[in-house]
Number of protein chains: 2
Amino acid sequence: MSDEQDGLDLDESGPGRVTVSAAAGRRTPRGTLSRQVLLDSAREIVDIGGVTALSMRALGARLGVDPTAIYRHFQNKNELLDALADLMIRGEGGLPATGDPVADLRESLRQLRRQLLRYPTLAPSVLRQPPGTGSWWDRMEQAVGALRAGGRSEAEAAAVWQTLLFFVVGHALVEARHLAENLATDRVGAPMPTVNPPRSRYPELAAAAPFLHADLDDQFETGLDSILGSR
Amino acid sequence: MSDEQDGLDLDESGPGRVTVSAAAGRRTPRGTLSRQVLLDSAREIVDIGGVTALSMRALGARLGVDPTAIYRHFQNKNELLDALADLMIRGEGGLPATGDPVADLRESLRQLRRQLLRYPTLAPSVLRQPPGTGSWWDRMEQAVGALRAGGRSEAEAAAVWQTLLFFVVGHALVEARHLAENLATDRVGAPMPTVNPPRSRYPELAAAAPFLHADLDDQFETGLDSILGSR
DNA sequence: ACCTGAACACCGTTCAAGT
DNA sequence: ACCTGAACACCGTTCAAGT
């Protein structure tokens, strides 16, 4: 177990830094570099070492290409990160469409959560794409439709959608931290460490503490219930 | 107006980088460095240039001290950022206590929101302090108490608290972006740019779009309503 | 005890030069 | 047209040395 503080990105930092380079030997021949190839490699790097392992230099090294060649395809690193966030927001395999709008909405949010848990260190980039961005349109159209069908006004539907979004991303961030800590301490699947405030000063909190870190799948569904009002 | 992409931290980056140093001339005499002094200066730097302007070197320069002297008081930069986040979470001037638990809870969340809007680039650090951390205890005790008083079970109270937390932080992040964009384009106080999806493919979204960027104060209250169920 | 200064191993990005 | 390589202006952090 290391004594270093993880960043929001859950990456190793400092001396024990995770480095991902792999194919430093082979050279990618001319003309093969493209947004697609770069995004694939970038996602691999993030998959292995988290977003802090993704540097222009590391990405270049992985593809056997000079780091500065990347700037032919992305204006800067931020644009690359936004493109990765876009992939997560759009998802793979399309949105659920069973015919039940509310069920589809819930499943869409579960899908988003799964994506976020697979690439937890990209969550900040995802949260940076404002809710009105094109990447969100498909998911949002579905959500607003479901909420309107449930009898909500357009104004209410818009507000509830934003609330749902923040909840899903925030929840995934906390769960990702939990997973990372248990991986680090070899206690995968262990329950979350219980909050332990002094009962004398924090009676209410102490009583609620055991429930704070209940099963996170259940908690996610409960959260959806409380926002969607189907409690 | 610049064409560069802002980070989550809303800072300038790249060539037009914001730098904050000021007192590069005077030297702080020996023995005057402390966590308190460092935190105050760090907050000033973040206030002026955002969190990306805060480097160990910049902080040292501002205090007329070698950057590495900081490591006497904070193990590393992460610990310094956590301490700054702590200040935001705890707030200044104490929690509201009018006697009405639900009103106090709402006011406490508004207080947190105001803090986040004053130092928006610290929001990621705030979100990184897990909900069970000591910094949250006072606010959480109050929240859980109010929710229990409102008739909720301990499990429900814990879940609703987390939902509220994610909502407040996420909402502040979006609003901070909005403020930063309007500052950059000299349109302070202007309404948010309307989402404009093609109406043919996104009929529901197009109809709800005008409400998506309604007054953010109202939207915040509406969001609280929808989570707290007093709709 | 507390701070300095050089050093190490990194960054993102620009720009002239090569093929 | 596309990629390279040197260069610039930065990082966080360590460690031996100074006061």
Side-chain angles (χ1 to χ4, degrees), chain A residues 2-7 9 11-21 24 26-38 41-42 45 49-82 125, chain B residues 2-7 9 11-21 24 26-38 41-42 45 49-82 125:
Chain A
S2 81
D3 58 355
E4 61 190 8
Q5 294 252 13
D6 279 334
D9 37 35
D11 285 302
E12 309 296 317
S13 59
R17 185 177 219 109
V18 170
T19 19
V20 183
S21 56
R26 65 172 143 81
R27 284 207 156 274
T28 304
R30 288 193 156 243
T32 56
L33 219 55
S34 66
R35 280 180 76 97
Q36 195 46 250
V37 170
L38 285 165
S41 283
I45 292 176
V51 81
T52 62
L54 177 62
S55 69
M56 302 306 251
R57 290 167 140 95
L59 180 53
R62 189 174 183 81
L63 287 166
V65 132
D66 193 277
T68 62
I70 302 162
Y71 289 84
R72 229 27 61 196
H73 302 92
F74 294 93
Q75 269 205 338
N76 49 41
K77 193 184 177 182
N78 239 319
E79 215 189 60
L80 201 158
L81 283 171
D82 285 346
S125 302
Chain B
S2 81
D3 58 354
E4 63 191 7
Q5 295 252 11
D6 279 335
D9 37 36
D11 285 299
E12 310 295 318
S13 59
R17 184 177 222 111
V18 171
T19 19
V20 182
S21 55
R26 65 172 142 82
R27 283 207 156 272
T28 304
R30 288 194 157 241
T32 56
L33 219 56
S34 66
R35 282 180 75 97
Q36 196 46 250
V37 170
L38 286 166
S41 285
I45 293 176
V51 81
T52 62
L54 178 62
S55 70
M56 302 306 252
R57 289 168 139 95
L59 181 54
R62 188 174 183 83
L63 287 166
V65 133
D66 193 277
T68 62
I70 302 163
Y71 289 85
R72 237 5 80 191
H73 302 91
F74 295 92
Q75 269 207 337
N76 49 41
K77 192 184 178 182
N78 238 318
E79 215 189 59
L80 200 158
L81 284 170
D82 285 346
S125 302

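Reminder, nothing fancy here: chain letters follow the sequence lines and each chain counts from 1.
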* Quick check: does any side chain N or O of B/His73 sit under 3.5 Å from a backbone N or O of B/Leu38, one acting as donor and the other as acceptor? -> no

Interatomic spacing from [atom1] in [X] to [atom2] in [Y] - rounded to 0.5 Å:
X: A/Arg57; Y: A/Asp66; atom1: CZ; atom2: CG; value: 9.0 Å
X: B/Ile45; Y: B/Arg62; atom1: CD1; atom2: CZ; value: 5.5 Å
X: B/Arg35; Y: B/Leu80; atom1: CZ; atom2: CG; value: 8.0 Å

* State whether B/Ser55 places a side-chain N or O below 4.0 Å from either non-bridging phosphate oxygen (OP1 or OP2) of D/dC11. => yes

Atom [atom1] of [X] and atom [atom2] of [N]: how far apart are they, to the nearest Å?
X: A/Asp66; N: D/dG5; atom1: CG; atom2: P; value: 6 Å
X: B/Leu80; N: D/dT13; atom1: CG; atom2: P; value: 10 Å
X: A/Glu79; N: C/dT13; atom1: CD; atom2: P; value: 10 Å
X: B/Asn78; N: D/dC11; atom1: CG; atom2: C1'; value: 15 Å
X: B/Leu59; N: C/dC3; atom1: CG; atom2: C1'; value: 15 Å
X: B/Phe74; N: D/dT14; atom1: CZ; atom2: P; value: 16 Å
X: B/Leu33; N: D/dT19; atom1: CG; atom2: C1'; value: 16 Å
X: B/Tyr71; N: C/dT4; atom1: OH; atom2: P; value: 14 Å

From the options [options], select the nucleotide whose nearest atom is closest to the side chain of [X].
X: B/Lys77; options: D/dG5, D/dA7, D/dT13; answer: D/dT13
X: B/Arg57; options: C/dG12, C/dA7, C/dT13; answer: C/dA7
X: B/His73; options: D/dC15, D/dG12, C/dC3; answer: C/dC3
X: B/Ala69; options: C/dC3, C/dG12, D/dG5; answer: C/dC3
X: A/Met56; options: C/dT13, C/dC3, C/dG5; answer: C/dT13
X: B/Val65; options: D/dC3, D/dA7, C/dT4; answer: C/dT4

Watson-Crick or G-U wobble partner of [N], both distances under 3.5 Å:
N: C/dG12; value: D/dC8
N: D/dA17; value: none
N: D/dC3; value: none

* Side-chain heavy atoms of A/Ile70 within contact of A/Leu63, under 4.5 Å -> no

* **Derivation and outcome, side-chain contact (heavy atoms from CB on, under 4.5 Å), residues B/Asn76 and B/Glu79** => CA-CA 6 Å; B/Asn76 49 41; B/Glu79 215 189 59; 3.7 Å; yes

* Asked: Of A/Arg72 and B/Pro67, whose closest DNA chain D nucleotide lies nearer the 5' terminus?
  -> A/Arg72

* Taking N and O atoms by type only, does the side chain of A/Thr68 place a donor or acceptor under 3.5 Å from a partner on the base of C/dG12? -> no

* Asked: Given the C1' atoms of C/dA9 and D/dC10, what is the spacing between them in whole Å?
  -> 13 Å

